[in-house]
Amino acid sequence: MTTPDTDLDSLITDWLTLPDVAERMDLPITKARQLVKDRQLVAVRRGERNVLSVPADFLSGDQVLKGLPGTLTLLADNKYTDEEALRWMFTADESLPGTPVQALRDNRGTEVRRRAQALGF
């Protein structure tokens, strides 16, 4: 049986701690924490030290990836946990093609949100 950490680490290879997110976005750490609280970003606890971490792909330069907050809201509305949302965002979908996070990075957010919304039906 795989642990959630192992499962997510097989899908997501590049993670940022909240201090890393704050530095990359040129924000105080309190603002980075607020982004997670407001579900603009999703963070999960990882590793031996149980550190809150965000997938690096959720940032584009010094900004939150366009379309990510709306997609995360749709997944939460469909009762996805943070871990399930991350798994969905980083699992390949042949109909996109690629992963939902790749599609967001390619500015195909409408397609991603359509699929996320359909999860509830």
Same cluster or not: [X] versus [Y], using hydrophobic residues (I, L, V, M, F, W, Y) connected whenever any side-chain heavy atoms lie under 4.5 Å apart?
{"X": "L16", "Y": "L65", "result": "yes"}
{"X": "Y80", "Y": "L72", "result": "yes"}
{"X": "L86", "Y": "L119", "result": "yes"}
{"X": "L74", "Y": "L96", "result": "no"}
{"X": "L35", "Y": "F58", "result": "yes"}

Minimum heavy-atom distance between [X] and [Y], given as atom pair plus value:
{"X": "K79", "Y": "E84", "result": "O-OE1, 3.8 Å"}
{"X": "R108", "Y": "P97", "result": "NH2-O, 3.4 Å"}
{"X": "N78", "Y": "A116", "result": "ND2-O, 2.8 Å"}
{"X": "R39", "Y": "V42", "result": "NH2-CG2, 3.9 Å"}

Considering only heavy atoms from C-beta outward, does the side chain of [X] approach that of [Y] to under 4.5 Å?
{"X": "M89", "Y": "L104", "result": "yes"}
{"X": "V112", "Y": "W88", "result": "yes"}
{"X": "T71", "Y": "P100", "result": "no"}

Rounded to the nearest 0.5 Å, what separates atom [atom1] in [X] from atom [atom2] in [Y]?
{"X": "S53", "Y": "D14", "atom1": "OG", "atom2": "CG", "answer": "10.5 Å"}
{"X": "N107", "Y": "K66", "atom1": "CG", "atom2": "NZ", "answer": "4.5 Å"}
{"X": "L59", "Y": "L41", "atom1": "CG", "atom2": "CG", "answer": "6.0 Å"}
{"X": "L75", "Y": "R113", "atom1": "CG", "atom2": "CZ", "answer": "11.5 Å"}
{"X": "L8", "Y": "T13", "atom1": "CG", "atom2": "OG1", "answer": "12.0 Å"}
{"X": "D7", "Y": "F90", "atom1": "CG", "atom2": "CZ", "answer": "13.0 Å"}

Listed by chain and number, what are the side-chain hydrogen bond (donor to acceptor under 3.5 Å, both in side chains) partners of D38, not counting sequence neighbours?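 Checked D38 against side-chain hydrogen bond (donor to acceptor under 3.5 Å, both in side chains); matches are Q34.
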
Do you know which of T81, L52, D82, V36 makes side chain to side chain contact (heavy atoms under 4.5 Å, CB included) with V44?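 So the option named by the test is D82.
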
Donor-acceptor pairs are to be reported for all side-chain atoms of residues 18-32 against protein atoms at under 3.5 Å, with residues two or more places apart or in another chain.
from, atom 1, to, atom 2, distance (Å)
D20, OD2, T17, N, 3.3
D20, OD2, T17, OG1, 3.0
R24, NE, G61, O, 3.2

Output yes when a side-chain donor or acceptor of R115 lies under 3.5 Å from a complementary backbone atom of S95, and no otherwise.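 Confirmed, R115 side chain pairs with S95 backbone.
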
Just jot down the side-chain contact (heavy atoms from CB on, under 4.5 Å) partners of T91, sequence neighbours excluded, or say none.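 side-chain contact (heavy atoms from CB on, under 4.5 Å) list for T91, sorted by chain: L11, R87.
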
